[in-house]
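For reference, the structure is listed below as structure tokens.
Worth saying up front: this structure is predicted, and the values here are computed from it rather than measured. Below, chain A is the first sequence line, B the second, and so on; all start at residue 1.
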2 protein chains.
Amino acid sequence: MRNKVSLKDIAQKVGVSTAAVSYALSTGKEGKVSEEVANRIKAAAKELNYQPNQIAKSLKMGRTNTLGLIIADVSNPFFATIARVVEDEANKHGYTVIFGSSDECPERAWDLINVLLNRQVDGLIIVPSEASEEQILYLKDQKVPFVLIDRYFPEISSSFVAINNYKAAYDAVMHLAKAGRKRIGMLAYKTSLFHMQERKRGYQEALRDSGLSPDENWLKEVRHGDIKNEVKTAVEEMLASDDAIDALFFATNTLAINGLKYIDSLKLKVPDDLAIVSFDEGEAFDFYYCPLTFVRQPVVELGNKSVQLLLAQMSGSDGGISQVHLDPELVIRKSSGLV
Amino acid sequence: MRNKVSLKDIAQKVGVSTAAVSYALSTGKEGKVSEEVANRIKAAAKELNYQPNQIAKSLKMGRTNTLGLIIADVSNPFFATIARVVEDEANKHGYTVIFGSSDECPERAWDLINVLLNRQVDGLIIVPSEASEEQILYLKDQKVPFVLIDRYFPEISSSFVAINNYKAAYDAVMHLAKAGRKRIGMLAYKTSLFHMQERKRGYQEALRDSGLSPDENWLKEVRHGDIKNEVKTAVEEMLASDDAIDALFFATNTLAINGLKYIDSLKLKVPDDLAIVSFDEGEAFDFYYCPLTFVRQPVVELGNKSVQLLLAQMSGSDGGISQVHLDPELVIRKSSGLV
DNA sequence: AATATATAGTTAATCGATTAAATAAACAAC
DNA sequence: GTTGTTTATTTAATCGATTAACTATATATT
């Protein structure tokens, strides 16, 4: 079909062995062939438009120069951006990225891991989904180089790049408290994943430290399935209780989008009726009438760092574990009612 | 490091040749080994957790079960969705997708094509960028199976899946005319790409057919570089002229986002001061105060069809060319001022 | 001149899976 | 009992590139 040109063809044309061709074309092997022959080989390679077969090279070398990336949800711009950043950074280092989305489903993540390992990726970057601990342990056991990103399991020792979720949530809620809000609600995902636990812990500690006694009705959790309706019900309840919330902290961008749509439908005004702080930004928020205060995650740094850690781990003899925490930034705008 | 288990290991364990193992484990070769030995082999494979090395398989078979996808811009949700759909559909057929973004830059597209071909992808799906004709001709010449998507070159005979851009624009502008608008502007990209020419043609014909004499100031084109400022200037001019526009048709979602932000800053009200129709939808529009009338492209069908055409082309003996035009749909909402 | 040392190139094994062809054993046919 | 056929299994070549080990010159050293 194509790419008929192999080392053999060049060798034949020039009248040398394939070994000579290989030496001549690979950098760093200069001494092996005379300059004159090397030039003839290079000329022939160019003339025939030789493109090396990476598959053959990979088989021989045991490396594919490919990284696998498993994100939790492509349709979420946060992860989509991570994917893009990881790809760029990997390319910069001569690596190709193959990626897939687990859609928060551990079975799908297993499939992806197998597909990627069968394709001999040199390493993996993973946003782990719930109940995927055994996958991580498996990778450790198999000594596959990998780095977790965005999320990790505190009880499993592994390399990861994540943000300080506790601090992010704490600062966000503290900010609402300082803005004079007394009844601050939080909308989170129902998951055992550590990053979400940390966000909830940050929320709770901030309430405590502000001298606000939390109402259990103020912290609602929704499942991944039918987000739209669950969010609606949750917000409804937070607003319906005797002491309805006067501020709401969204634990993720998807929660914020769904929550705000419902809040708008109630004709509630942000920030007067309800102050808002969200996790993450998003193009979607650009048209929201009230500029949102939000927790900005250092997505680019997260992505870049994960690639760098992975490459280091792959080349490093030690195979050491590095755990990186990056600090998010609270971007204060109108929706929190202070500016 | 990992995946130490090869056919050889199983062969050794069971005490047979690697050929026997290969036959026993590949479906469709049932008759080749006795059931008893086959079972022992399968048991050993499971026990050792054998995972076939796809690289070796690819080298031998000359197929990688991988498709390459080159899109024009990952940060554009339209293309991001296409990427996702293509990936899903390809997975369904047992193919993995490696993809990259040309960022509308032909040099980058060349790089990507080479990277993907070196990795022996079995076929390519491409959103061609401007001035990439020679790339397409190269692929034809090399007999690489490929399908263009979203855009194509009418002067080059190749398989593609695209929408009827002329009709989409014609319908959109006709709709504005029927809504009583007399001075309808269009904001497009400055590019020679056929799909954009078609959108402009649709706009112009619709004006003509509505008996509206087009003003040359009403059709503005911006370059990809500094979109934000160019859009601002363009919209400014369309509004400043003696007969300022009373309706505006955006040729893409990115143009719409930038244009609307600027229009909002002018305190113009949609649709009263200015009626709007946009190409494409997007999460970003969900929060726009006035629901937008827009041209909905059948993204899922586009993506699925492109994969199907490619697979057919790859398996097909004829290598025939199929050109598919899908029809977009005008979704009418408030911004065009008719509902 | 004999020996050591570069230099330039080739040979052949290797990576892991597939598969055509060869072989061996079991059984049937006449 | 020789020949033919079926069934089960192995041998060995192959895909394309890399590279250790080897060979054959040419050049340098003593």
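Relative to the side chain of B:M61, the nucleotides D:dT18, C:dT10, C:dT19 differ in distance, and C:dT19 lies closest. Relative to the side chain of A:K8, the nucleotides D:dC15, D:dT18, C:dT10 differ in distance, and D:dC15 lies closest. Out of C:dT10, C:dC15, D:dA17, the shortest distance to the side chain of A:A20 is found at C:dT10. Ranking C:dT18, C:dG16, C:dT10 by closeness to the B:S22 side chain, first place goes to C:dT18.
Residue-level contact check: A:S34 touches the backbone only, with heavy atoms under 4.0 Å from sugar-phosphate atoms and none from bases. Residue A:V16 is classed as a sugar-phosphate contact, given heavy-atom separations below 4.0 Å to backbone atoms only. Here A:V37 lies in heavy-atom contact (under 4.0 Å) with sugar-phosphate atoms only.
For the pair A:K60 and B:E35, both in contact range of DNA chain D, the more 5′-proximal nearest nucleotide belongs to B:E35. Remark on DNA chain C: of its neighbouring residues B:L59 and B:K32, the 5'-side contact belongs to B:L59, judged by nearest-heavy-atom nucleotide. Of the two residues contacting DNA chain C, namely B:Y23 and B:A56, the nearest-nucleotide position lying further toward the 5' end is that of B:A56. Comparing B:A19 and A:Q54 against DNA chain D, the residue whose closest nucleotide sits nearer the 5' end is B:A19.
Note: CD1 (A:I10) to C1' (C:dG9) measures 17 Å, nearest angstrom. Atom-to-atom, CG of A:N118 to P of C:dG16 comes out at 14 Å; the value is rounded to the nearest Å. In this structure, B:D9 atom CG and C:dG16 atom P are separated by 8 Å, rounded to whole Å. When rounded to the nearest whole Å, the span between CZ of B:R119 and C1' of D:dA17 equals 15 Å. Rounded to an integer number of Å, the gap from B:I55 CD1 to C:dT14 C1' is 16 Å. Atom pair A:R63:CZ and C:dT14:P shows a separation of 21 Å (rounding to whole Å applied). Regarding B:L7, its CG atom lies at a distance of 19 Å from the P atom of D:dC15, rounded to whole Å. The CD atom of B:Q12 sits 14 Å away from the C1' atom of C:dG16 (whole-angstrom rounding).
No more than 12 heavy atoms of other residues, nucleotides or ligands shown are found within 6.0 angstrom of CD on B:E35. Around atom NZ of A:K140, more than 12 heavy atoms belonging to other residues, nucleotides or ligands sit under 6.0 Å away.
Between A:F153 and A:F194, the distance separating the two ring centers is not shorter than 6.0 angstrom. A ring-centre distance under 6.0 Å is not found for B:F160 and B:H195.
The phosphate of C:dA17 has OP1 or OP2 within less than 4.0 Å of a side-chain N or O from B:Y50. Using a 4.0 Å cut-off, no side-chain N or O of A:S6 falls inside it from OP1 or OP2 of D:dC15. At the phosphate of D:dA17, neither OP1 nor OP2 sits under 4.0 Å from any side-chain N or O atom of A:T18. Between A:K57 and the phosphate of D:dT18, there is a side-chain N or O to OP1/OP2 separation shorter than 4.0 Å.
Applying side-chain hydrogen bond (donor to acceptor under 3.5 Å, both in side chains) to B:R119 and the options A:T66, A:N53, A:T64, A:N65 leaves one that passes, A:T66. Of the residues B:H93, B:Q313, B:E89, the one that meets the side-chain hydrogen bond (donor to acceptor under 3.5 Å, both in side chains) test with B:Q308 is B:E89.
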